[in-house]
Amino acid sequence: MIGKILKTMRKSNNLSQEQISKLVGYARNTISQYETETIQPDFKTIEKIANECGYEITFYNKKLNKTLTTKNIDREEI
């Protein structure tokens, strides 16, 4: 599923795999492998691609009606 999301974000910005690979600093074939789900990117990579495409990763808790993003979360030791 994440591969399809990455591809959709990239294409919504009219970027080729080559262009996004240069923006995020990964090889074009790595981007291709993420999109085809041959390999799985880590969260930091997903966030980097999302940011370059103008997206923000959001987590929504339906029970608490609370939204967390990588920008508004307090990074406290648990």
Side-chain angles (χ1 to χ4, degrees):
M1 176 59 93
I2 194 64
K4 188 173 184 176
I5 292 168
L6 294 174
K7 185 175 184 177
T8 299
M9 287 191 297
R10 175 179 63 77
K11 285 189 159 205
S12 73
N13 282 272
N14 297 315
L15 294 170
S16 67
Q17 288 180 344
E18 185 68 33
Q19 290 168 317
I20 195 69
S21 72
K22 288 179 181 176
L23 289 171
V24 297
Y26 296 107
R28 190 215 49 83
N29 69 329
T30 301
I31 299 298
S32 175
Q33 290 176 338
Y34 290 154
E35 290 183 3
T36 60
E37 299 183 4
T38 304
I39 60 174
Q40 295 295 312
D42 60 19
F43 182 81
K44 200 68 172 168
T45 300
I46 296 166
E47 183 180 32
K48 197 173 194 180
I49 293 170
N51 288 339
E52 285 296 336
C53 292
Y55 287 88
E56 179 177 77
I57 297 171
T58 303
F59 298 91
Y60 178 69
N61 185 314
K62 294 184 283 186
K63 291 180 182 178
L64 300 176
N65 192 29
K66 184 174 181 175
T67 301
L68 294 176
T69 69
T70 55
K71 293 185 180 27
N72 75 359
I73 191 169
D74 293 328
R75 298 184 185 252
E76 298 176 10
E77 293 286 329
I78 295 178

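All heavy atoms count here, side chains included; hydrogens, waters and symmetry mates do not.
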Please tabulate, for side-chain N and O atoms in residues 3-11, each donor-acceptor pair with protein atoms closer than 3.5 Å (sequence neighbours left out).
unit_1: T8; atom_1: OG1; unit_2: K4; atom_2: O; d: 2.8
unit_1: R10; atom_1: NE; unit_2: E35; atom_2: OE2; d: 2.6
unit_1: R10; atom_1: NH1; unit_2: L15; atom_2: O; d: 2.8
unit_1: R10; atom_1: NH2; unit_2: E35; atom_2: OE1; d: 2.9
unit_1: R10; atom_1: NH2; unit_2: E35; atom_2: OE2; d: 3.4

Pairs of donor and acceptor atoms involving the side chains of residues 52-60, under 3.5 Å and at least two apart or interchain, shall be tabulated with distances.
unit_1: Y55; atom_1: OH; unit_2: S12; atom_2: OG; d: 3.0
unit_1: Y60; atom_1: OH; unit_2: N65; atom_2: OD1; d: 2.5

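Here T67 pairs with nothing under the side chain to side chain donor-acceptor pair (under 3.5 Å) rule; sequence neighbours left out. Partners of Q19 according to the side chain to side chain donor-acceptor pair (under 3.5 Å) rule, which considers only residues two or more places apart in sequence or in another chain, are S16. Residues that satisfy the side chain to side chain contact (heavy atoms under 4.5 Å, CB included) test with N51, not counting sequence neighbours, are E47, K71. Residues that satisfy the side chain to side chain donor-acceptor pair (under 3.5 Å) test with D42, not counting sequence neighbours, are T45.
Here the CG-OG1 distance, from N29 to T36, works out to 10.0 Å after rounding to the nearest 0.5 Å.
In this structure, the side chain of E37 engages the main chain of I2 through a donor-acceptor pair within 3.5 Å.
Both I49 and F43 sit in one connected hydrophobic cluster of ILVMFWY residues. Membership requires side-chain heavy atoms under 4.5 Å apart, directly or through other members.
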